[in-house]
K.L.:
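Sharing a structure, written as structure tokens. Questions coming.
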Amino acid sequence: MKVSVLIKTIVFYVAITCVFLGSCTKGKTNYEAERGSVVEEGVEFKEVTNVVNAGYTISIEALNGVLYRGYNDIRVRIKNTQTNTPVEVSGVTFLPIQTTVTGEKRSCPNQYNFSYKSDDKYFSGYTVFTSESGSEGGWEINVNFTVGGQNFSVIKEVLVRQQTNKNLNMTMFTGKDDEQYVIALISPKKPNVAENKLVAGIYKLNRQLDSSPKGFADQLQFSYLQVERYALKLDPRMPEPSMGNHSSPNNKDLIQDTDGLYHGVVNYTMTGNWTLNFILLNPDGKVIRGTEVPKDFTPGVEGRKSELYLDILF
Amino acid sequence: MRKLSIILFILSLGLKVHGQSIPVKRDTTRRLGEVNVEATIKRKIESDMKMAVSVDEFLASSDNISFIKRGAYAWEPLLNNMSTERSTITIDGMHVFGACTDKMDPITSYVESNNLSSIDIKSGQEGNMHGATVAGSIDLKRRSTPFGLQQKIGGAYQTGFEFNNKQAFNLGNLFYSTDNFVADGSIALRKAGNYYDGNNKEVLHSQYNKLNASLGLAYKTSALSAVRVDAIFDRAKDVGFPALPMDLWLSRAIITSASYKQLFEEGLVKVWDTKVYFNAVEHYMDDTTRPENLVHMDMPGWSTTYGLVSKINLKKDRYSSEVQLNAYDNLSIAEMRMYPQDRSKQTMFAYSWPWVTTRFVSVAMNNSWEISDRSKVNLGGSLGWNYNYSKYVEFNWIFHPGAPQKKNRWLPGIHASYELNLNQFDISVGTGVGHRAPSVSEAYGYYIYNSFDRYDYIGNPDLKNEISYEVNASVGFKTEKLSVSAKVNYFYIDNYIIGRILSLGSPMNYQSVGVKGYTSLKYATLFNTAMSIDYQVLDNLHWKAVLTYARGKDDEESNLPFIRPLSYQTALHYAYKRIGLRTSLNGDFAQTNYSPAYGEDQTASYKIWNLSADYSFSLGKFKSVFQVGAENLLNEYYSTYADWGNIPRMGRNIFTSLKVNF
């Protein structure tokens, strides 16, 4: 009799405990979802567009199948249209061309000669579109390739969209040396509250370009050059007034690595809006653009930004 | 049968107290009936002044406990002038960890005076039975009714009102006892408004509201064994913390255990007591009551612990021993989410405890030999393994790139003491060495705002173990009417962990002025001394006085923070028939050895005079006591060395209470 009372009470207890366990008053934050809610990471290459020419299908691929303003990794696959099998191709070049409303033709920072990836049989390169398709003009892609000693050239119009992931933001500006520069963020696509490897491409408009209409592709491929041995000083801060110009420790300025890109480290101490304040230095250490920002903690005041900055959000 | 149950209970009482510095003397005759229970000195949960005290008030009457106070509720107990990271605080040996990064919920805030029977405080390495410690241990002993009481059903009800902060409280407990089944239950409700300081000014955000309930069921499975299940539920709501920029909206704790106890009539092993436990704490802060705050912020915290305690008591002739196995697994999570002024914008999120798991296993042993009728040697040791795992270690990497995600630590501890009784003198000397692992905040904390020095604190996963070397001594003199005792202890602590200003990073919380990182000082030293006198002036007049002094220094001979200045308590108790009168005076001298580097400023001296009277009477057939009194009778305006933000303490407080036993 008493044993049963005891068992009943124990059961009652366990039930209470279970109810309590299952019902925290406020739910814990799902951290993985927390980050995912702002940044959608494109992980898969999909076809953006394709052109059929002389029995070959030229397929242009990008992440999510979309080209964005800013940095884009691009793959080109060339197949036999009938058999749908990869063809022995060489000398694949890729050139984006923007035709402005005034009819002027321009290009953007771009890898002209694509490299071949034999494992997956595609050609790989990148492009930094400097504007979206629209009022400034549309974009076309010119792809050249050689099959069996024969040269082929195709042109196809593409749509360049606004980049919604602020972590892949870019900026264009004129430096103190009167040169025109492009800085485009490449990585991290999806930052963490952590140490993040920060990678950016820095490019300069090639002014020596002579703009003779003949052989424009030969000219336009040099319209931007990767800048060499520059440095990009970094000071990340949260601009929100309530954050009082909050910054993070252990950041590293971006310097050029063997891949030509600029690598540094940015620490984000919490999710939200951040501003990457930059100072661009040329190889002589001269400031090309950018200003030091106040380092004080000033609650209630919106953080002042460098004249060279990129806003990010995650 | 009933007799045996009583013996069982008495034995259990004795064993509970066995851990205290005066071990129970037991004969090893075969019959359990000859258990000597003289030493079952359970301290009743009431202070000299008040019979209805909170757990904090009760602890405050101990001479090696002081408090950091952030308001009227949930004081953080300091043992030997060391904060809670350095002591182990347990409930019946169970580890419970607060869920608040700002230490707004010490474990003592999750129990109530009417579900406790006593508090067992051990200083230094003697306290390593429950786990690795430096300062010592505080074990809160729960009330448990024995089997087969003559009175089958009984209990007590206590109610009262305190005028200063309009605190109304109702405490009730009930028991039911038969030969092989016991049920214990208690419920406590306290509700208080803001208190008024010595200048009769209201201290805003000092209200609180607490509900505590407990239930215990025991069943005797055989003449020598019993099982018991226990649970405590505690809920605090709308608790103000005047010294902090935010208050507590809600905290809840459920503390459960199931235990099995087996007694042995013969052999070396006398008792084997094993308990499995589970507890969960949730703690939600609220700043919506503070419109002056620039940033709205959510700071929820959760702490979940599973554990096991298993203990055996051995005794043979003049040797007795206690061996205890502790194991627990704790997960501590704390989040912060800041809201921009424009609420439509993205919120900002980070973990202040990035899902930190702590696993701990220790085996501890305490042996004592009575080498003669007058002297005794105690020798004990413990070996613990502490494992930490930080799930989102990338938070920790921001300040400590490459710090390991997992960390194992071995925590040894030993202690020895010698006790000698020479006629009226009791002398003891002791020494100990012990390691402790950094706490979750010290190792993995991330931008934890400390409103005392107004810095954001960052943990360091690579901190070394703190190693404490201690010596202690005490002398006591006792006559029939007078007892005098003096105690000293000295700690030399290697790798003393404390926050130091970092030149890196910038604050995250808008109130803070900078970032501090937990770092190890080369060493720190701490010296504590207490003297007490007890004198039976007349048969019905009793005088008591305690004087304490402490000094703490870091490796550059600068002062450590939160060290209590010279302080005193003295009380006079007069009993006449059914009336009892008490008066007491307590205070601190001026704090001259304060530490500006850790945010302290000089605190002036203060003295508090208290007075109370009680009257015992019968209410029908129930024994009852009525008490009325006043604390801080002179309405002195003061704050103590450990009051955050120098918030003033309570001014004159008139209290009344009525207790009915049935």
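Labels below follow one simple rule: chain letters A, B, ... track the order of the sequence lines, proteins then strands, and each chain is numbered from 1.
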K.L.:
Determine, step by step, whether B:Phe399 and A:Glu195 satisfy the side chain to side chain contact (heavy atoms under 4.5 Å, CB included) criterion, reporting the C-alpha distance in whole Å, the side-chain angles of both residues, the deciding distance to 0.1 Å, and the verdict.
P.N.:
CA-CA 9 Å; B:Phe399 281 86; A:Glu195 265 186 315; over 6 Å; no

K.L.:
Does atom NZ of A:Lys305 have more than 12 heavy-atom neighbours, drawn from other residues, nucleotides or ligands, at distances under 6.0 Å?
P.N.:
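Check passes, neighbour count above 12.
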
K.L.:
Are there more than 12 heavy atoms of other residues, nucleotides or ligands under 6.0 Å from atom NZ of A:Lys252?
P.N.:
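For A:Lys252, atom NZ is not crowded (no more than 12 foreign heavy atoms under 6.0 Å).
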
K.L.:
Taking all atoms of both residues into account, what is the closest heavy-atom pair of A:Ser242 and B:Leu294, and its distance?
P.N.:
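In this case the closest contact between A:Ser242 and B:Leu294 is CA-CD2, 4.4 Å.
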
K.L.:
Can you check side chain to side chain contact (heavy atoms under 4.5 Å, CB included) on B:Ile398 and A:Asn250, steps first, answer last?
P.N.:
CA-CA 7 Å; B:Ile398 289 174; A:Asn250 296 329; 5.8 Å; no

K.L.:
Please state whether the rings of A:Tyr31 and B:Tyr351 are parallel, tilted or perpendicular, taking 30° and 60° as the class boundaries.
P.N.:
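Geometry flag for B:Tyr351 against A:Tyr31: perpendicular rings.
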
K.L.:
Step through the shown structure and confirm whether more than 12 heavy atoms of other residues, nucleotides or ligands are within 6.0 Å of CD1 on A:Ile255.
P.N.:
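Atom CD1 in A:Ile255 is not packed in, count stays at 12 or less.
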
K.L.:
For A:Asn245, which atoms come within 4.5 Å of any heavy atom of chain B: side chain, backbone, both, or neither?
P.N.:
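Contact with chain B: backbone only.
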
K.L.:
Of A:Met238, A:Met243, A:Glu240, which is the lone residue that meets side chain to side chain contact (heavy atoms under 4.5 Å, CB included) with B:Met338?
P.N.:
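By the side chain to side chain contact (heavy atoms under 4.5 Å, CB included) criterion, B:Met338 pairs with just one of A:Met238, A:Met243, A:Glu240: A:Met243.
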
K.L.:
At a heavy-atom separation under 4.5 Å, does B:Leu250 approach chain A through its side chain, its backbone, both, or neither?
P.N.:
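Only the side chain of B:Leu250 comes within 4.5 Å of chain A.
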
K.L.:
Using the benzene-type ring in the case of Trp, are the ring centres of B:Phe349 and A:Phe314 under 6.0 Å apart?
P.N.:
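Not close enough - the centres of the two rings lie 6.0 Å or further apart.
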
K.L.:
Are side-chain heavy atoms of A:Lys28 and B:Pro300 found at a separation under 4.5 Å?
P.N.:
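The answer is no, as the side chains (C-beta and beyond) never meet within the 4.5 Å cut-off.
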
K.L.:
More than 12 non-hydrogen atoms from neighbouring residues, nucleotides or ligands closer than 6.0 Å to CZ on A:Arg304, yes or no?
P.N.:
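12 or below, so no.
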
K.L.:
Verify the ring-centre separation between B:Tyr510 and A:Phe297: is it less than 6.0 angstrom?
P.N.:
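Ring centres of B:Tyr510 and A:Phe297 not closer than 6.0 Å.
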
K.L.:
Could you please spell out the steps behind the side chain to side chain contact (heavy atoms under 4.5 Å, CB included) verdict for A:Val193 and B:Glu394?
P.N.:
CA-CA 7 Å; A:Val193 179; B:Glu394 61 264 32; 5.5 Å; no

K.L.:
Hey, what do you get for CG (A:Leu313) to CD (B:Gln346), rounding to the nearest 0.5 Å?
P.N.:
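Separation between the atoms: 5.5 Å.
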
K.L.:
What is the distance from atom CG of A:Asn192 to atom CZ of B:Phe395, rounded to the nearest 0.5 Å?
P.N.:
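Output value for this atom pair is 8.0 Å.
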
K.L.:
Measuring heavy-atom distances to chain A, does B:Asp298 have an atom under 4.5 Å in its side chain, in its backbone, in both, or in neither?
P.N.:
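For B:Asp298, the side chain is the part near chain A, not the backbone.
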
K.L.:
Who in residues 259-281 of chain A is close to chain B, using a strict under-4.5 Å heavy-atom cut-off?
P.N.:
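Near chain B, by residue number: A:Asn267, A:Tyr268, A:Thr269, A:Met270, A:Thr271, A:Gly272, A:Asn273.
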
K.L.:
Evaluate B:Ser506 against A:Lys295 for side chain to side chain contact (heavy atoms under 4.5 Å, CB included), listing each step before the verdict.
P.N.:
CA-CA 9 Å; B:Ser506 69; A:Lys295 307 241 182 295; over 6 Å; no

K.L.:
For A:Tyr309, look at atom OH and say whether over 12 heavy atoms of other residues, nucleotides or ligands are found less than 6.0 Å away.
P.N.:
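No, the 6.0 Å shell around OH holds no more than 12 heavy atoms from other groups.
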
